[in-house]
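Naming convention: chains lettered A, B, ... in sequence-line order (proteins, then strands); numbering from 1 in each chain.
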Amino acid sequence: MSKLILIDGNSIASRAFFALPLLSNSSGLHTNAVYGFTTMLLRLIDEQKPTHFLVAFDAGKATFRHKDYAEYKGGRAKMPSELGEQFPLLKDLLRAFGISQFELEGYEADDIIGTITRVADERGDMEVVVVTGDKDMLQLASEKVKIALTRKGISEVELFDPPYIKAKYDLTPQQIIDLKGLMGDASDNIPGIPGVGEKTALKLLHEFETVEGVLSHTAELKGKMREKIEQHADDARMSKELATIFREVPMETSWDELVYNGYQGPALADMFRKLEFKSLLEKMDFAGVDAAGADQPPQADIKAVLVDQEKLPELIEALAAVDALHVEVVGDNPHAGYILGIALHSTDVCYYVPFDLVKDGAAEIEPFKAWLESADKAVAVFDQHRAEVALHWQGICLRGTSFDPMLAAYLLDPTESELALSGIAKKYALPALQPDEDVFGKGAKFRVPAAELVSEHLCRKAHAVHSLVEPMKRDLESNEMHRLYYDLELPLAAVLASMEQKGIKVDREALKEYGSELAGRLESIMKSIYEAAGTEFNINSPKQLGEILFEKLQLPVVKKTKTGYSTDAEVLEKLEPYHPMVGHILLYRTLAKLQSTYVEGLLKEVRPDTGKVHTYYRQTIAATGRLSSQYPNLQNIPIRLEEGRKIRKVFTPSKPGWSMLTADYSQIELRVLAHISQDEKLMEAFVNDMDIHTKTAMDVFGVEESAVDSNMRRSAKAVNFGIVYGISDYGLSQNLNITRKEAASFIEQYFAVFKGVRQYMDEIVKEARQNGYVTTLLHRRRYLPEINASNFNLRSFAERTAMNTPIQGTAADIIKLAMVQMDERLKQEGLQSRMLLQVHDELVFEVPNDEVEIMTTIVPDVMEHALELGVPLKVDVDTGANWYEAK
DNA sequence: ATGATCACG
DNA sequence: ACGTACGTGATCATA
């Protein structure tokens with residue numbers, strides 16, 4: 001018969017934590033609870049040989065028990081942060097073990113376990129062992145369900161079944177609840193009846209069987225005990241209720257999801273290395289796994305069909321059952337790459353369709369194309385955005401996509417740089433996938449192997465996509481990221497693809513003209529620099545420039561890099577008074593940057609046929625949830641200095657009679673801060689739509705508005721920036737060029753006024769220590785493993801990140817939400833206007849002139865109300881003939 | 001490939 | 001005492 005192990009995750013983790021000394025790895029992360037848990041898992045797997053496995057966790061601050069009894073678990077000391085920080089690691093560990101895990105907002109692990117054991121009792125087709133440190137769970141024991149209680153920390157367990165409970169306590173499992181009703185439980189703050197301990201309670205139950213029985217026979221008792229029991233009858237009833245495990249948690253229970261197939265050595269070995277479990281690594285002797293974990297574990301046994309003209313009908317037949325696909329796009333930029341082929345996972349066969357077959361344009365391929373374009377399907381696609389873009393250039397509009405494992409992996413851990421399918425599959429302990437690099441080579445060594453090999457590899461990928469859907473869905477669910485994923489990120493992927501496909505028109509002639517102007521000016525500056533230096537050298541080389549400045553001309557060394565002298569702008573500005581050449585170098589740098597990056601670089605990206613650039617937004621790069629932009633990067637086009645800002649003149653509408661429209665959020669990050677900190681002063685400033693930097697200056701310096709001079713406002717602005725970045729006196733002093741002491745006193749004054757902000761900063765850091773991560777308003781999450789590091793630098797960095805990420809990340813959530821809504825709204829209103837760019841707090845559109853008026857209303861309306869905060873959001877709109885004019 | 005520099009929010 | 005502001009990408013020089 002099948003055997004299921006159910007672990008009470010919180011109970012075992014906490015037993016392990018208190019039983020073992022406080023170990024920590026080299027980055028200061030504590031690991032003792034995870035270590036104890038690991039040894040227990042290894043022992044259980046070895047001894048019990050489970051076919052099914054689940055670890056349940058408590059979730060949410062308040063369970064339904066708190067509604068009935070506010071003091072529930074009230075007396076319990078808060079979980080120490082050294083334990084709290086280990087839960088994310090523990091969850092990763094379980095993934096590496098291939099063990100399923102579950103938690104549900106508002107319920108405790110016991111309730112989940114109670115519900116599953118009830119189902120096991122009803123079906124009678126599963127033997128269950130419940131592992132916990134909590135005696136209450138004995139109430140779940142039955143013919144099919146045994147309870148393993150930890151003893152002496154976690155090194156031993158005592159196995160309870162109903163006969164054993166009978167022998168030991170002379171009670172039935174149900175009576176365990178009554179026992180607790182009478183005696184209470186100090187650790188959960190359940191009162192019971194004062195003066196009744198285990199001895200008395202057992203005696204009473206042997207006579208009267210239940211709490212109700214005891215209460216209705218108090219007449220037969222005498223003296224003090226009778227008095228106490230009658231007096232606390234209600235307490236006893238309530239205590240019994242609290243001690244009763246809820247066995248009707250609303251959850252789907254299917255044994256299939258709990259199947260345990262054993263662990264994959266490499267995934268586990270990787271995890272142990274990360275945790276620095278050296279003794280376990282040696283003891284386990286992961287056969288064939290070398291230090292880098294490079295050895296290949298078994299690959300999946302799949303059936304791969306290489307589709308050719310002949311086999312096309314078979315493929316078409318199978319399409320109805322396809323639930324996952326992978327489009328192999330070659331090259332970093334999907335707008336400039338080509339498609340090798342498409343692999344599909346159907347019921348128990350995978351198909352590989354070389355893209356040549358699709359491009360041939362034979363009539364037989366049409367049903368396949370039609371299927372790709374049909375919205376009437378639900379298929380998982382790895383990196384949907386990339387696939388969509390590449391297919392679009394081939395005239396195919398991919399629709400009916402329902403899940404993207406890459407996007408899911410990013411939400412589950414946005415700092416994970418390894419988002420290749422092979423890495424994700426490994427993390428989820430799926431059968432091994434060869435890394436693409438091993439199959440195709442990389443960079444200059446890229447080559448396409450024989451079709452059969454490609455087919456085999458890509459079919460495995462499609463199979464992995466299919467296998468990832470369910471476990472990743474569960475993980476998203478347990479992180480409360482369901483809405484973030486389905487309502488925001490997944491639809492956004494399609495919105496981004498459509499923005500990129502439209503592209504933005506570049507006036508090549510104007511750009512070239514600006515280029516020749518720059519070339520002329522650079523030429524003459526170069527000459528004067530060489531003259532002043534008395535020799536020709538490569539000004540672009542920091543090394544050669546350093547030699548000229550600090551050795552030949554003997555200028556003072558301000559700052560060093562790890563390779564030599566620093567010559568960055570900050571240094572050069574300090575050196576300007578010493579030598580006229582320094583000013584020339586600064587100007588040279590500015591113009592050379594414009595020339596190489598923004599004139600020549602941009603021209604290389606313009607499509608010769610359409611005169612447009614198509615940037616590629618990356619949705620899975622930034623740790624905070626922001627987008628990034630490549631090929632070309634259109635999120636860093638100059639604006640701060642007039643010289644560079646002129647570049648914006650070359651970005652124009654794609655049609656005559658159209659205009660550019662820009663809409664940017666005003667102070668979105670500080671508004672977000674006002675909302676999440678609920679700081680009274682900061683909220684007031686935004687409710688009254690004041691100039692936030694002037695207002696900050698007034699409050700910090702304690703003066704009237706009329707007394708705020710430009711210098712005071714500048715300082716206040718720098719403080720506001722610092723607050724958003726996670727302030728430090730050193731950072732502020734650098735920025736304002738003041739001493740650390742002065743900076744510290746600015747900060748002190750700021751916090752004296754904005755008390756709510758200080759409280760937020762303190763609490764978010766505490767929260768990060770407790771949970772090991774911070775979240776945004778829409779539950780985007782960022783783990784901060786170094787928050788407890790003993791290294792001051794690592795820890796401080798993590799603390800500033802804890803302060804900044806919820807702010808920057810929530811702002812990112814908001815504009816992403818606005819983009820999804822904007823896309824819908826444009827369709828709804830039947831407008832021709834097109835959304836083209838996103839620059840973190842700004843959206844850029846091209847609009848027909850007769851839509852300028854309505855767009856000037858609609859755009860801010862959507863953006864300002866994308867998400868309602870405790871303070872209003874404000875959007876400034878402008879239009880013009882090009883991006884420069886729309887400012 | 002990596003570091004230094006500089007463009008943006 | 002420690003030594004940094006948060007998040008990106010492109011270009012160039014140099015190992």
What nucleotide, of C/dA10, C/dT8, C/dC6, holds the atom closest to the side chain of A/T801? C/dC6
From C/dG9, C/dG7, B/dC8, pick the nucleotide closest to the side chain of A/I621?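 Nearest to the side chain of A/I621 among the choices is C/dG9.
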Minimum heavy-atom distance between [X] and [Y], given as atom pair plus value:
X: A/A716; Y: A/H693; answer: CB-O, 3.3 Å
X: A/H584; Y: A/I525; answer: O-CG2, 3.5 Å
X: A/I814; Y: A/L873; answer: CG2-CD1, 4.0 Å

Does a salt bridge link A/K593 with A/E643, judged by any charged N lying under 4.0 Å from a carboxylate O? no
Hey, are A/R769 and A/E799 close enough for a salt bridge, meaning a charged N less than 4.0 Å from a carboxylate O?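 A salt bridge is present here (some side-chain N lies under 4.0 Å from a carboxylate O).
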Under a 3.5 Å cutoff on both atom distances, Watson-Crick or G-U, what's the dot-bracket for DNA chain C ([ ] crossing, | other strand)? .....|||||||||.
Phosphate-side-chain proximity, [X] and [N], N/O vs OP1/OP2 below 4.0 Å:
X: A/R782; N: C/dG7; value: yes
X: A/N538; N: C/dA13; value: yes
X: A/Q595; N: C/dT11; value: no
X: A/K593; N: B/dT5; value: no
X: A/S728; N: C/dA5; value: no
X: A/N793; N: C/dG3; value: no
X: A/S596; N: B/dA7; value: no

Sole candidate of A/D691, A/D664, A/D689 that passes salt bridge (charged side-chain N to carboxylate O under 4.0 Å, His left out) when paired with A/K874: A/D689
Can you confirm whether A/E570 sits close enough to A/K559 that some side-chain heavy atom of one is under 4.5 Å from a side-chain heavy atom of the other?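 Yes, close enough: below the 4.5 Å cut-off.
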Can you tell if the side chain of A/R626 reaches within under 4.5 Å of the side chain of A/H840, non-hydrogen atoms only?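 Answer yes - side chains close enough.
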What's [X] touching, base or sugar-phosphate or nothing? Going by heavy atoms closer than 4.0 Å.
X: A/A718; result: base
X: A/G601; result: sugar-phosphate
X: A/V724; result: nothing
X: A/A569; result: sugar-phosphate
X: A/Q734; result: nothing

So, the side chain of A/T615 versus the backbone of A/Q630: is there a donor-acceptor pair under 3.5 Å, distance only?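 Yes; at least one donor-acceptor contact below 3.5 Å.
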Between A/Y631 and A/Y616, how do the two ring planes meet: parallel, tilted or perpendicular, split at 30° and 60°? parallel
A/F440 and A/F446 aromatic ring geometry - parallel, tilted or perpendicular at 30°/60° bounds: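 Judged by the thresholds at 30° and 60°, the geometry between A/F446 and A/F440 is parallel.
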Expressed in whole Å, how much space separates the C1' atoms belonging to B/dC6 and C/dC2? 29 Å
B/dA7 versus C/dG3 - spacing of their P atoms, nearest Å: 29 Å
Between residues 804-817 of chain A and DNA chain B, which residues have a heavy-atom gap below 4.0 Å? A/Q808
Tell me which residues in residues 625-644 of chain A put a heavy atom below 4.0 Å from DNA chain B, sorted by number, or none. A/R626, A/Q635, A/N636, A/I637, A/P638, A/I639, A/R640
If you measure from the ring centre of A/F797 to the centre of the six-membered ring in the base of C/dT4, is it under 5.5 Å, with the planes under 30° apart? no
Give a yes-or-no answer on whether the side chains of A/E551 and A/Y565 include a donor-acceptor pair shorter than 3.5 Å. yes
